[in-house]
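Written out below as structure tokens is the structure these notes cover.
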Amino acid sequence: MIYLFVNCNLVPDQYDNWQVSFDDIAKYVWKNEPTTTMSYYICIPLEYADSISKTTSILAFEAYTNRNELDQTHLTSAAMSKCFSEMGTIMSTSVDISYNSAIAGFLDLPGDRRECGIMQDTRIICSSPSARASVLFKLKTLATVIEAAEKMESCGVFTYMVFESLDDETGVRIFGRFADRESMETFLRRKEVVGFWLGSKEEVKSMECRGYVPNGKGWLHR
């Protein structure tokens, strides 16, 4: 499986037009790519939660069975070509795509694709390839602890996935989905989570994270 984080920058006030195009391609993909496109999920920046139509960017979380299916099936369809042509006056920049491999964690712990209230996308740049290996090892352990704890008593962590970048040798990404803001804030303050960050200072060159909300479009998984 290959996972993509796709950032689309939009011309102001063009989100509604973007959504029309997405709805068309999503309908096609759901019907015609059942064994190719496994996740097709849209995230809206948290700052636009109360005015989604005004957002100037969106983040798409996508999963495909493999790179060949992505390149030869999804991207070459007539429906996708039509979508790309419609984006010419809607998007302000080219699409920014990050390719990743899943290392640890869970996509849908409740198992019913229930919608979350908030998401967090965390991007880490490690100081070296060996530092990334160490960070990923610790994140694997953390993900196992979180999953076990959530299964014993749910605290609203729906998704916690750890990825290594396929674009370089130092990138790591964490994608989290939470029941609500309180659940996310509680999670961030867990001793295991704080311990990971405090214990990885020498290996993490930079880190940035951004909050998102769902818009009810696409699908988390089939």
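Both backbone and side-chain heavy atoms feed into the values below; hydrogens, waters and symmetry mates do not.
- Under a hydrophobic clustering in which Ile, Leu, Val, Met, Phe, Trp and Tyr are joined whenever their side-chain heavy atoms come within less than 4.5 Å, directly or via other members, Val145 and Phe158 fall into different clusters.
- Closest of all the heavy-atom pairs between Arg181 and Leu46 is NH1-CD2, 3.9 Å.
- Annotation: side chain of Leu109 is in contact with side chain of Lys151 (closest heavy-atom distance under 4.5 Å).
- More than 12 heavy atoms of other shown residues, nucleotides or ligands fall within 6.0 angstrom of atom CD in Glu185.
- Two residues are said to be in side-chain contact when any heavy atoms from C-beta on lie closer than 4.5 Å; Asn215 and Gln19 meet this criterion.
- Proximity of Thr37 to Glu62: side-chain heavy atoms (C-beta onward) are nowhere separated by under 4.5 Å.
- Under a 4.0 Å N-O distance rule, the pair Arg67/Asp71 qualifies as a salt bridge.
- Under the 4.5 Å side-chain heavy-atom criterion for Ile, Leu, Val, Met, Phe, Trp and Tyr, Val6 and Tyr15 are members of the same hydrophobic cluster.
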- [ ] Step by step, work out the side-chain hydrogen bond (donor to acceptor under 3.5 Å, both in side chains) result for Asn9 and Ser92.
- [x] CA-CA 6 Å; Asn9 294 308; Ser92 58; 5.2 Å; no
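- Here the side chains of Val213 and Tyr48 are not in contact, with every heavy-atom distance at 4.5 Å or above.
- Within the 4.5 Å cutoff, no side-chain heavy atoms of Arg190 are placed close to those of Val194.
- Residues Leu4 and Asn100 are not in side-chain contact: their nearest non-hydrogen atoms beyond the backbone lie 4.5 Å or more apart.
- Between Glu202 atom CD and Ser128 atom OG the span is 11.5 Å, to the nearest 0.5 Å.
- Of all non-hydrogen atoms in Pro129 and Thr170, the two that sit nearest each other are N-CG2, 4.0 Å.
- Asn66 places a side-chain heavy atom less than 4.5 Å from the side chain of Glu69.
- Ring geometry, His74 versus Tyr64: the interplanar angle falls from 30° to 60°, so the pair is classed tilted.
- Partners of Trp30 by side chain to side chain contact (heavy atoms under 4.5 Å, CB included), not counting sequence neighbours, listed by chain and number: Arg113, Trp219, Arg222.
- Other members of the cluster containing Met152 do not exist, because no ILVMFWY side chain is joined to it at under 4.5 Å.
- Nearest approach of Glu150 to Gly156, heavy atoms of both residues: OE1-N, 3.5 Å.
- Hydrophobic clustering, with ILVMFWY side chains joined whenever heavy atoms are under 4.5 angstrom apart, keeps Tyr28 apart from Val20.
- Judged by distance alone, the side chain of Thr76 and the main-chain N or O of Gln72 form a donor-acceptor pair under 3.5 Å.
- Distance check: Leu136 CG to Leu142 CG gives 12.0 Å after rounding to the nearest 0.5 Å.
- Considering CD of Glu182 and SG of Cys155, their distance stands at 10.5 Å, rounded to 0.5 Å.
- When every heavy atom of Val172 is checked against every heavy atom of Cys126, the shortest pair comes out as CG2-SG, 4.0 Å.
- Between Glu164 and Arg132 there is a salt bridge, with a side-chain nitrogen of the basic residue lying less than 4.0 Å from a carboxylate oxygen of the acidic one.
- Grouping Ile, Leu, Val, Met, Phe, Trp and Tyr by side-chain contacts under 4.5 Å, direct or through others, puts Leu59 with Met1, Tyr3, Phe5, Met38, Tyr41, Phe61, Leu107, Met119, Met161, Phe163, Phe175, Tyr212, Leu220.
- Expressed to the nearest 0.5 Å, how far OG1 of Thr159 lies from CD1 of Ile174 amounts to 13.5 Å.
- By the 4.0 Å N-to-carboxylate-O rule, Lys54 lies too far from Asp13 to be salt-bridged with it.
- Taking a 6.0 Å sphere around CD of Glu192, one finds it holds more than 12 heavy atoms contributed by other residues, nucleotides or ligands.
- Between the Asp167 side chain and the Tyr99 main chain, a donor and an acceptor come within less than 3.5 Å of each other.
- Taking CD of Glu203 as the reference point, atom OG of Ser130 lies at 8.0 Å (rounded to 0.5 Å).
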- [ ] Check step by step if side-chain hydrogen bond (donor to acceptor under 3.5 Å, both in side chains) holds for Lys138 and Ser200.
- [x] CA-CA 9 Å; Lys138 285 184 279 190; Ser200 304; 3.1 Å; yes
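- Val11 is not connected to Val95 by any chain of hydrophobic side-chain contacts under 4.5 Å among Ile, Leu, Val, Met, Phe, Trp and Tyr, and they are in different clusters.
- Smallest separation of non-hydrogen atoms from Cys116 and Pro214: O-CG, 3.4 Å.
- Heavy-atom contacts from other residues, nucleotides or ligands closer than 6.0 Å to CG of Asp50 number 12 or fewer.
- Residues Ile125 and Val204 do not share a hydrophobic cluster, clusters being chains of Ile/Leu/Val/Met/Phe/Trp/Tyr side chains in contact below 4.5 Å.
- For the atom pair CD1 of Ile97 and CG of Asn7, the computed distance is 10.5 Å after rounding to the nearest 0.5 Å.
- For Asp24, there are no side chain to side chain donor-acceptor pair (under 3.5 Å) partners two or more places apart in sequence or in a different chain.
- Within the structure, salt bridge (Lys or Arg N to Asp or Glu O under 4.0 Å) pairs that include any residue of residues 28-38 do not occur (at least two apart or interchain).
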TODO: Let me see the working for Phe178 and Phe187 under ring-ring contact (aromatic ring centres under 6.0 Å, His included), right down to the final yes or no.
DONE: CA-CA 9 Å; Phe178 306 89; Phe187 171 82; 5.3 Å; yes
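- Scored by the side chain to side chain contact (heavy atoms under 4.5 Å, CB included) test, Glu86 finds Ser21, Lys82 as partners (sequence neighbours excluded).
- Side-chain contact between Trp197 and Ile124 is present, with at least one heavy-atom pair separated by less than 4.5 Å.
- None of Leu166, Thr65, Asn68 except one satisfies the side chain to side chain contact (heavy atoms under 4.5 Å, CB included) rule with Ile2; the exception is Leu166.
- Not a single donor-acceptor pair under 3.5 Å links the side chain of Thr55 to the backbone N or O of Ser51.
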